[in-house]
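Before any comments, here is the structure.
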There are 2 protein chains.
Amino acid sequence: MSQNKRAELIRKALLLFYRNGFHATGMDLVAKETGVSKTSIYKHFRTKDELILAVLRLRDESFRNWLFRRMEELADTPQGQLLAMFDALEEWFLEDGFQGCMFIKASAEFQDPNDAINAQAYAHKRMLVDHFEALATQAKADDPHALARQLLLLKEGAIVIAAMSHTKDAAREAKSVANHLLAN
Amino acid sequence: MSQNKRAELIRKALLLFYRNGFHATGMDLVAKETGVSKTSIYKHFRTKDELILAVLRLRDESFRNWLFRRMEELADTPQGQLLAMFDALEEWFLEDGFQGCMFIKASAEFQDPNDAINAQAYAHKRMLVDHFEALATQAKADDPHALARQLLLLKEGAIVIAAMSHTKDAAREAKSVANHLLAN
DNA sequence: CCAGAGGTGAACAGATCGGTAAATGTTGAG
DNA sequence: CTCAACATTTACCGATCTGTTCACCTCTGG
């Protein structure tokens, strides 16, 4: 299987898992929707869990790339970027097919802390907060670590409520709280 | 089946769904762990989804009762109660078997907005925010509605991060943000 | 032309899924 | 004691689950 085909397989599997959930999406459906036979899939991924891990790696990379780039496009100071994150989130909430955070859902469906999927989901959040902390440091925040963690809480809360309420309002609400935090 | 037995069935099913997830918990396991035969279960709940709805009703009632009572015990002003919510959350995060919010997980596993389970999960959040808004009004907040929504974001973010990180830190971090909001 | 690599569909394990049928307790009221 | 109403056990249904096997197809390099 070429690198392209493999990437395409992971990309399409991502959409299926994102839309239907992990347990609720069978490998027969993955094979059918990707156009790759189950035999081939299992030649490249020993188990369903390994495919899910590959999907999460793709999601981690593409989501972080998208979010960080969008933050840079929307503002040119570190402080402005942290605030602009919530504008970027609002754009995401408005997208067709927005269904919440894939990593929160992965963590919810694979709760065992020893599970590689659970660990990888939290690793994504740690990478986000690390970036926030770097920006907070550049912005000369009093306590960059604490500020980054607080912004993470706001971001996750906004995503969860946006997904559950099927509205985008949470982005603005979270942004107004972030405004308080960054004003100091 | 007596009311006691029925309540006990729902209570034990709740633990199973909470610990293992909804899709990942089969009705055979529910029957085995509750000691109630599958035949009997299906005499009282037409489908698995109906059992899940009953479980969510129990969870909604008992969680709200617990949270609101704890908030009252920890503070005697409306403003203090809203802040004390995060101390109550920290207690919850420290409990053995804490696995995040059951309603977030229900919403993640049943994403269809037309699904009764999805609707009921969000209804729980609306009831919480209504209570927050009532307290915010009593506390004479400038914009009780907005404040209640912001506190909800903080609460949900804290729960998600506490569950994913397997630590309790998020409660204090959220509380310090809430402190900013309530100081105004 | 041929060997080998890699792909395919289809059938197949063996387990489990949600849900049901029928026969066998068990129990309490008259 | 008797009978009706209930609960239970046991087996079963068809569908689906993850994962494998197998016979076949197709392409490529030598």
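Below, chains carry the letters A, B, ... as their sequence lines are ordered, and counting in each starts from 1.
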Just checking B:Y122 against A:H166, ring centres under 6.0 Å apart? no

Among C:dC17, D:dT9, D:dG19, the one nearest any side-chain atom of B:S37 is D:dT9

Could you give the CG-to-P distance, from B:D28 to C:dG18, as a whole number of Å? 7 Å

Using atom CD of B:E50 as one end and atom C1' of C:dG18 as the other, report the distance to the nearest whole Å. 14 Å

Given atom CZ of A:R46 and atom P of D:dT20, what is their separation to the nearest angstrom? 10 Å

Does B:R59 make a cation-pi contact with B:F17, if we ask for NZ or CZ under 6.0 Å from the ring centre and within 45° of the axis? no

If you draw a 6.0 Å radius around CD in B:E91, do more than 12 non-hydrogen atoms from other residues or ligands fall strictly inside? yes

Distance check needed: D:dC17 P versus A:I41 CD1, whole Å only. 13 Å

Quickly work out the B:I117 CD1 to C:dG18 P distance and round it to whole Å. 12 Å

Would you call the rings of A:F98 and A:W92 parallel, tilted or perpendicular, where under 30° means parallel and over 60° means perpendicular? perpendicular

Please tell me which of the listed nucleotides, D:dT18, C:dG18, D:dT8, lies nearest to the side chain of A:M27? D:dT18

Given DNA chain D, 5'-ward residue of the pair A:T39 and A:H23, judged by closest heavy atom: A:H23

Give a yes or no on whether a donor-acceptor pair under 3.5 Å exists between the nucleobase atoms of C:dG19, that is its base, and the side chain of B:K38. yes

Measure the distance from NZ on B:K43 to C1' on D:dC6 and round it to the nearest whole Å. 8 Å

Protein-nucleotide distance (A:E109, atom CD; D:dC17, atom C1'), rounded to Å: 14 Å

Length of the line joining A:K48:NZ and D:dT20:C1', which is rounded to integer Å: 17 Å

